[in-house]
Number of protein chains: 2
Amino acid sequence: MRATTLNLMKGSLPAATVARLPLYLRSLIEMDADRTTCSSDDLALLAGVNPAQVRKDLSYLAAPGVRGVGYNRSMLRNLLRRELGLTRCYRVAIVGAGNLGRALTVYPGFLESGFEIVALFDIDGMKVGDLVNSVLVSSMEDLEQTVRDQNVSIGIIATPAAAAQGVADRLVAAGVLSILNFAPAVLKVCGEAHVRRVDLSTELQILAYHLSVGDYVHSE
Amino acid sequence: MRATTLNLMKGSLPAATVARLPLYLRSLIEMDADRTTCSSDDLALLAGVNPAQVRKDLSYLAAPGVRGVGYNRSMLRNLLRRELGLTRCYRVAIVGAGNLGRALTVYPGFLESGFEIVALFDIDGMKVGDLVNSVLVSSMEDLEQTVRDQNVSIGIIATPAAAAQGVADRLVAAGVLSILNFAPAVLKVCGEAHVRRVDLSTELQILAYHLSVGDYVHSE
DNA sequence: TAGATTGTTAATCGATTAACAATC
DNA sequence: TAGATTGTTAATCGATTAACAATC
């Protein structure tokens, strides 16, 4: 087995910064229509982070701010879109046409951000052929074929936990390198693929921890 | 304005540790029924983290492991449940009975983890009175009353972004100190309340970044 | 005893933030 | 000029992990 070392490529950003860029982008879009300029303080307030954080994040992108003035809003919006790779649309397949999978299929925020759901799969033959907002439910057998035909680059897993790893393996084998996993399971994928997990029950469990702990002591 | 300093209470855990405890708990549950013992390596494999990480996390809980043997599975499971505050059930209200809100209402993982959806609200009068899996859709006007009557301790926001802050304010005012926010917005709440954000479009945007960047260089 | 695994330390790494000179 | 705000440094903080003595 050949040893392979993975190095972060020059030009890639800290993970924490990448995760904040979409917040900055959204903040810029939501800002008053007539604002042409915005400061790190403005962005920090809207994105809920520290102003120094904003400036540091933007400095990684070499965003051209003007001292005493701030950043040009539309310049910054374009820069963020370019940096995140949002200058093109992405074609997305969802696996699992249960309640969650169907809700995600019709979620308007995806299309607004440039993500188009082009396929929806389910193992249940009774669901195959159904239409979910103009998206046809396809058989799991067609997964590889459809992913390739439809040029899918992102997969969303909304199956039961037990099926998730197998689905991930098939998606990656078919060339899908980005997966958003809603199944309550930790997936293992090969090095070039990326998985992000949205773990619904875990989120509530973390909130439960805070409810059960005294948590904060107010002093002084 | 009186200065108030907030100190983490003795006994509270690092945030990163808290976020992993549910993964360990799930791993323990999913393990082969006949396993009575498990090592940090076993847990690390299932939870997708480093074994040293597992041991360090468990050391915060003073989990009694046995050198050369590992941790007792049911002891550890109980300890994690106790630490996370999962020895009791939590009553949850969902605000927003759109596709996402309804999918969350019937999501089986919540009840399995001890979270019961006891109320569902929507601003649309046409939806009020509907049943979603035996949960009645209530009017927004009844929010405060129902939260108190039903002893709701966790709120889930599944409204459009524009409505989210107002809903959060009302939930907190009614005594809900934990909020899971699915609206694409950063919420501001007062100090004692906790918000976790599940930001669906942002997740895809982060994945898009990785697709658009060369990302990794394989060397050696 | 030999092998396995914990518990903990210390090193390292990455992320955050206060502070302030630069400069519009 | 005076006020505002960036860009960057340096300090700090929190999280991760390798390593290994302790010990079952």
Side-chain angles (χ1 to χ4, degrees), chain A residues 5-24 27-28 31 35-73 75-76 79-80 83 186 206 209, chain B residues 3 5-21 23-24 27-28 31 35-73 75-76 79-80 83 186 206 209:
Chain A
T5 59
L6 295 167
N7 301 317
L8 233 44
M9 203 167 75
K10 201 158 46 184
S12 84
L13 305 169
T17 295
V18 173
R20 280 186 296 265
L21 297 187
L23 298 186
Y24 300 152
S27 301
L28 286 165
M31 220 165 258
R35 305 264 329 235
T36 96
T37 223
C38 98
S39 69
S40 58
D41 275 70
D42 296 335
L43 276 174
L45 197 69
L46 290 168
V49 302
N50 184 293
Q53 184 88 265
V54 174
R55 295 198 295 278
K56 182 142 253 275
D57 287 337
L58 296 182
S59 77
Y60 290 123
L61 316 184
V66 181
R67 290 164 141 98
V69 178
Y71 303 89
N72 179 285
R73 183 183 171 192
M75 172 283 297
L76 192 53
L79 178 61
L80 288 172
E83 198 66 35
V186 175
I206 294 167
Y209 170 81
Chain B
T5 58
L6 295 167
N7 301 317
L8 233 46
M9 203 167 76
K10 202 160 44 186
S12 85
L13 305 170
T17 296
V18 173
R20 281 187 294 266
L21 297 187
L23 297 186
Y24 301 152
S27 301
L28 286 165
M31 221 166 257
R35 305 263 329 235
T36 98
T37 222
C38 97
S39 69
S40 58
D41 275 67
D42 296 335
L43 276 174
L45 196 69
L46 290 168
V49 302
N50 184 292
Q53 185 88 266
V54 174
R55 293 198 295 278
K56 182 142 251 274
D57 287 337
L58 296 183
S59 77
Y60 291 122
L61 316 185
V66 180
R67 290 164 140 98
V69 178
Y71 302 89
N72 179 286
R73 182 182 172 192
M75 173 283 299
L76 193 52
L79 178 60
L80 289 171
E83 198 67 35
V186 174
I206 295 167
Y209 170 82

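Letters go in sequence order (proteins before strands), and every chain restarts at 1. FYI, side chains are in, hydrogens and waters are out, and symmetry mates aren't considered; it's all heavy atoms of this structure.
Taking B:Leu45 as the reference, nothing meets the side-chain contact (heavy atoms from CB on, under 4.5 Å) condition, with sequence neighbours excluded. Considering only residues two or more places apart in sequence or on other chains, A:Arg35 meets the side-chain contact (heavy atoms from CB on, under 4.5 Å) condition with A:Met31, A:Asp32, A:Cys38, A:Asp42, A:Arg73. When the salt bridge (charged side-chain N to carboxylate O under 4.0 Å, His left out) test is applied to B:Arg20, the partners found at least two apart in sequence or on another chain are B:Asp57.
Rounded to whole Å, atom P of D:dT6 lies 9 Å from atom CG of A:Leu58. To the nearest angstrom, P of D:dA15 lies 13 Å from CG of B:Leu21. Remark: C1' of C:dT16 and CG of A:Leu13 are 17 Å apart, rounded to the nearest angstrom. At whole-Å resolution of the value, CE in B:Met75 and P in C:dT6 are 11 Å apart. When rounded to the nearest whole Å, the span between CG of B:Leu76 and P of C:dG7 equals 10 Å. Between A:Arg73 atom CZ and D:dT6 atom P there is a gap of 16 Å when expressed in whole angstrom units. Nucleotide C:dA15 holds its C1' atom 10 Å from the CG atom of A:Asp57, rounded to whole Å.
Taking the nucleotide of DNA chain D with the nearest heavy atom to each of A:Pro64 and B:Ala16, the more 5' of the two is matched to A:Pro64.
Backbone-only engagement by A:Ser40 is indicated by non-hydrogen atom pairs under 4.0 Å involving sugar-phosphate atoms exclusively. Using a 4.0 Å heavy-atom distance criterion, A:Ala63 is classed as a sugar-phosphate-only contact.
Nearest heavy atom pair, residue B:Ile206 against residue A:Ala19, reads CD1-CA, 3.8 Å.
In terms of phosphate contacts, B:Tyr60 brings no side-chain nitrogen or oxygen within less than 4.0 Å of OP1 or OP2 of D:dG14.
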Sequence-aligned protein contact record of nucleotides 17-24 of chain C, with B where the base is within under 4.0 Å of a protein heavy atom and S where only the sugar-phosphate is: BBB--BBB
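With hydrogens and angles ignored, the 3.5 Å screen pairs no side-chain donor or acceptor of A:Thr17 with any backbone N or O of A:Leu13.
Atom CG in A:Leu61 sits 9.5 Å away from atom OH in A:Tyr24 (nearest 0.5 Å). Atom CG of A:Leu28 and atom CG of A:Leu46 lie 8.5 Å apart (nearest 0.5 Å). Taken from OG in A:Ser40 to NZ in A:Lys56, the straight-line distance is 14.0 Å, to the nearest 0.5 Å.
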Paired and unpaired positions of DNA chain D as dot-bracket, Watson-Crick or G-U wobble under 3.5 Å, | denoting a partner strand: ..||||||||||||||||||||||
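Set against C:dG7, D:dA15, C:dA15, the side chain of B:Ala15 has D:dA15 as its closest nucleotide.
The side chain to side chain donor-acceptor pair (under 3.5 Å) contacts involving residues 58-70 of chain B comprise nothing, where partners must be two or more places apart or lie in separate chains.
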